[in-house]
Amino acid sequence: MKKELKNLYLKLLEIKGFKVRKPQYYLSNYIYKKLDDKENIEIIEASTGIGKTLSYLIPIMISGKKAIISTSTISLQNQIKNNEIKILNNIFQKKIKILILKGMNNYICKLKVDNILFDNKYRTFDETIKVELNYIKNNSVSGEINEVKKLKIDNEVKNKITASSDDCQKNNCNYFNECFVYNQRKKISKNHIIVVNHALLVTDLINDLGFFKGHDLLLIDEAHNFIDIVLQSKKISLSIQKILKFITEFHQKVMKITPSEIFLLKEIDNLNALLNESLKNNNINNFKFYKTFNQNSSSIINYVEVNYLKEYSSEITYLNNLNVNIDEVLNNDHYQKLDKNTEDYYPTKIENTLNLNELDKKVIMLSGTIAYQEYFLKNIFAINSYKLKKIKYNEDLTKQIYFITNRESTPKHDLIISKIIYLIKSVKGRSLLLFTSYESLNFYLHHIRAYFKTNNINIETFSQTEDDKIKINEKFMEKKEAVLFGTSSFFEGIDYKNSQIKFLFLDKIPFYNPSYPITKSLVGFLTKNNKNPFNHLYLPSAITKLRQIIGRLIRSKSQKGIFYLNDSRIISKSYGKLIMKSLAIEKFQFEYKDSIKFIK
C-alpha cells in the first residue's frame, strides 16, 4: 500500500500548481493504517493547512471501503464536488463515483412548486421565478435550491419551495417516485463514498433511519462542530406562531377540498381559538395549554386517518410530530427553556446523547482543532476507548502574516473604518471582513460602502446578508477587486486560492455567546462536573475559531497577508497572551501602514 500511496502523491505533484506537504502524506498513511485497526474510534487533530480532504479521500479510495464522509459546511461539500473529485479522477485515471447528499431543505419540492404555479394564493409570486422553478422541476437531475439563479433566497421564500420533514407526504405524495430527495437517497447503496453534512448525518443517527447502514467507515470532518449540531438536533421547538400559521393554512385547505366537512372544520377552529387565547393571555409556557392542544389535535388525527388520510397526509404528519414533541417536553424533566425569547426547549442532560460505540462501522473524527473537546466527546458520545492523534503542520505565521490590533481598548469607529479602508485600497480589494454579529457587519458595511460611493472607488462589496452564502462567495471570487463581508459561516469551510485574500479583518475575539442555548447546556454540564467553563469551553473554542479564521488568509507557505483583530484584549488580558501562544503569534503591531511593506 505504501508504494501505491507514494505513487499517487507523485502524480499529485504533476498537477500544475499543486504542492504536497509532508504532513499531508503522513496523515494519508496514518488514516490508511487505521482503517483496519481494531480500535473502533479514532480522533485526529491535524493542523489547518495540511490539506486534510485529499489526505483522507486518497486512502479511502485505495482501500476500496464504502465510506460516509460528514462535513460541517455545504461549502466543503461543494469543494469536494468541484475540486477534489477532479483531482481524484486525474490521479486514479477513472471517474470517481461520489454522491453529495444534503439535507431536505436544500432540494426543491415538486408538490410545493405546483402550489406556487397553480394556486391563486401565489398569483403575486415573481413570474420569472415561476418559470425557472417550472424548468428545474421538469429538467433538473439534483433539484438543488442553488440552481435557482434568479432567486434571492430568504427563509420565507425557501420554505415555500423546498422539502421539509414537517410536511413531507412521503409515499402518499403524487411525486414520490420523482422526488429529488428520495431519488438522491436511493443512490446511497450504489456509491462507495457518500458526502453528507453533519445535520443530515445526525438526523439519521438520532432517529435510527438507517440510510447509511452497509458502509464500512464514518469519517467526520470538521468534527469540532459536531457537538453543537448533535445538541441542536435534540432541540424541541413549540413555536405558537408557527403552529397558528399551520392551523390557518390547514383550515383554508379543508375549505377548498372538503368544505362540507363540518366536524373537521369545527375541530380546527377549536385549535385556532385555543392558540389565539394563549397568545392573548401570554401563557405560552403553560403546560396545561400544551396538554389541551395535544388532546384536541389527537381527535383531528384520529378522524382524518380514518376518512381523509390521502387528502391531508402532510398535515397529519405535522400534527403527529408536534404531539410527540409536546409529550417529550411534558413528560421529561431533562428539557428546559433556555432562551426566554423563544418557545424552544433544550436538553439539560447531555451525557450519552449519541452513542458512537454502537455504530456498525469504524469512526474517524478529524479536525484542525479538536483536542480541547476531548472531555465533551467522551461524555456526549459515550466513547469508552479511543486514540487521539495529533499531526502538526509547522507554520511560522510571523513570517507570513502581519498582525495588527488597536492600542486603545475602545478606539473611535471613525479611526477603525479609516484603517480598514486604507488597507482595502492598498491591497486593491482582495479583502475578507468577518464579524461576530450581524449588527456589527451592517454597521461597517454601511460606512465603507458610503465612503467608496462618495470617493468613486471602484471596489465591489459583497455581503452574506444580501444573498445565499454560496452564491455571494462565488460572485466575490470572480472579481479581482472586491471585499466580502461575512459572519461565522465564513470562519471555515471555504478554500480561497493563493493570494485571493490579502487582508483579513475580525471585529472581536470569537468567544462562545453565553446567551446561546447550546452554550448554556455545555456550561451547565461543566459546572455540574466541577470544571471551569472559561478554561474548558470559552477560551479553547475561541482559539479554535481564530485558527480556522486565520486559515482563510494563508493557504500556502508562499503567501503573505494582513490580519487586523479589532480587539485589544489580545494584548491587554492574560488570556490574550494564552491565545497568542497557542497560535504561535509573537506580537501584534499598532502601525498598520507598515503592513503594506511586509506583504510586498
Side-chain angles (χ1 to χ4, degrees), residues 17 75 78 82 128 146 149-154 400-404 406 411-487 489-491 494-507 549-556 558-566 589 591-600:
S75 300
N78 290 335
N82 299 324
T128 59
N146 59 18
K149 303 298 182 185
K150 297 172 185 172
L151 180 60
K152 179 185 175 182
I153 302 172
D154 57 35
Q400 293 186 265
I401 302 175
Y402 191 93
F403 293 96
I404 303 169
N406 303 318
K412 293 180 179 179
H413 287 302
D414 288 350
L415 177 60
I416 298 167
I417 291 168
S418 67
K419 289 181 182 179
I420 293 171
I421 290 171
Y422 174 85
L423 293 169
I424 290 172
K425 288 164 62 180
S426 298
V427 299
K428 298 180 180 179
R430 292 188 292 175
S431 302
L432 178 62
L433 276 53
L434 298 176
F435 303 87
T436 53
S437 73
Y438 284 103
E439 182 183 5
S440 183
L441 182 152
N442 288 326
F443 175 83
Y444 284 95
L445 177 65
H446 169 75
H447 286 282
I448 291 171
R449 272 187 175 165
Y451 179 90
F452 284 178
K453 185 176 180 180
T454 303
N455 294 275
N456 295 317
I457 296 174
N458 191 27
I459 296 176
E460 290 195 58
T461 53
F462 297 97
S463 170
Q464 78 168 86
T465 59
E466 296 170 344
D467 206 340
D468 173 73
K469 172 191 168 182
I470 294 171
K471 290 182 181 178
I472 207 73
N473 191 58
E474 287 173 353
K475 291 176 185 177
F476 166 69
M477 292 178 71
E478 288 170 0
K479 302 293 181 180
K480 286 186 177 180
E481 296 188 12
V483 183
L484 177 59
F485 292 73
T487 58
S489 59
F490 280 87
F491 287 5
I494 298 175
D495 190 9
Y496 293 108
K497 297 174 184 176
N498 287 354
S499 301
Q500 180 88 34
I501 305 295
K502 297 294 287 184
F503 167 46
L504 175 65
F505 172 84
L506 180 64
D507 66 334
I549 289 165
I550 291 171
R552 302 316 99 209
L553 179 62
I554 297 297
R555 306 305 294 173
S556 73
S558 62
Q559 276 183 271
K560 284 190 174 184
I562 303 163
F563 178 47
Y564 179 6
L565 176 59
N566 181 40
Q589 310 281 358
E591 300 301 325
Y592 64 97
K593 291 185 178 180
D594 290 346
S595 64
I596 305 306
K597 297 176 185 176
F598 175 86
I599 63 173
K600 285 184 177 178

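Just so you know, these numbers use all the heavy atoms, side chains as well, and skip hydrogens, waters and symmetry mates. Keep in mind it's a predicted model, so treat the numbers as computed, not measured.
Residues I420 and F503 come closest through the heavy atom pair O-CE2, 3.9 Å. Closest approach of K428 to I459, counting heavy atoms only: C-CD1, 4.4 Å. For the residue pair K480 and R430, the shortest heavy atom distance occurs at O-CG, 3.5 Å. For F598 against G561, the heavy-atom pair with the smallest separation is CE2-O, 4.2 Å. In plain terms, the two heavy atoms of E466 and R449 that are nearest each other are OE2-NH1, 2.7 Å.
Few gaps surround CG on N82; more than 12 heavy atoms of other groups in view lie less than 6.0 Å from it.
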Test side-chain contact (heavy atoms from CB on, under 4.5 Å) on L423 and F505 and set out the steps. CA-CA 10 Å; L423 293 169; F505 172 84; over 6 Å; no

Where do L553 and F563 land on the side-chain contact (heavy atoms from CB on, under 4.5 Å) test, with the steps shown first? CA-CA 8 Å; L553 179 62; F563 178 47; 4.2 Å; yes

Before giving the answer on side-chain contact (heavy atoms from CB on, under 4.5 Å), spell out for H446 and N442 the whole-Å C-alpha distance, their side-chain angles and the decisive distance to 0.1 Å. CA-CA 6 Å; H446 169 75; N442 288 326; over 6 Å; no

Go through I562 and I596 one step at a time and tell me if the side-chain contact (heavy atoms from CB on, under 4.5 Å) criterion holds. CA-CA 8 Å; I562 303 163; I596 305 306; 3.9 Å; yes

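Side-chain rings of F435 and F443 stay apart, their centers remaining 6.0 Å or farther from each other.
Residue F485 holds its CZ atom at 10.5 Å from OH of Y444, rounded to the nearest 0.5 Å. Atom CD1 of I417 sits about 5.0 Å away from atom NE2 of H447, to the nearest 0.5 Å. Atoms CG and CG, on L433 and D507 in that order, are 9.5 Å from each other to the nearest 0.5 Å. How far CD1 of I448 is from OG of S463: 11.0 Å, rounded to the nearest 0.5 Å. For the atom pair CD (E474) and CG (N78), the distance works out to 7.5 Å, reported to the nearest 0.5 Å. In this structure, N473 CG and L484 CG are separated by 6.0 Å, a value rounded to the nearest 0.5 Å.
Using modelled atom types, no side-chain atom of Q559 and backbone atom of Q400 make a donor-acceptor pair closer than 3.5 Å. Remark: side-chain polar atoms of S595 are paired, donor with acceptor, to backbone N or O of Y592 under 3.5 angstrom. Judged by distance alone, the side chain of S431 and the main-chain N or O of G429 form a donor-acceptor pair under 3.5 Å.
Considering only heavy atoms from C-beta on, K419 stays 4.5 Å or farther from N566 through its side chain. Looking at heavy atoms from C-beta onward, F490 lies in side-chain contact with I472 at the 4.5 angstrom threshold. The shortest side-chain heavy-atom distance between I501 and R552 does not fall under the 4.5 Å cut-off. Side-chain contact between Q589 and D594: absent, with no pair of heavy atoms (C-beta onward) separated by less than 4.5 Å.
Under the 3.5 Å distance criterion, with hydrogens and angles disregarded, a donor-acceptor pair is assigned to the side chains of T487 and Q464.
Looking at residues two or more places apart in sequence or on another chain, you find no side-chain hydrogen bond (donor to acceptor under 3.5 Å, both in side chains) involving K593.
Here the rule is side chain to side chain contact (heavy atoms under 4.5 Å, CB included) with Y564, and of L504, I416, L506 only I416 fits it.
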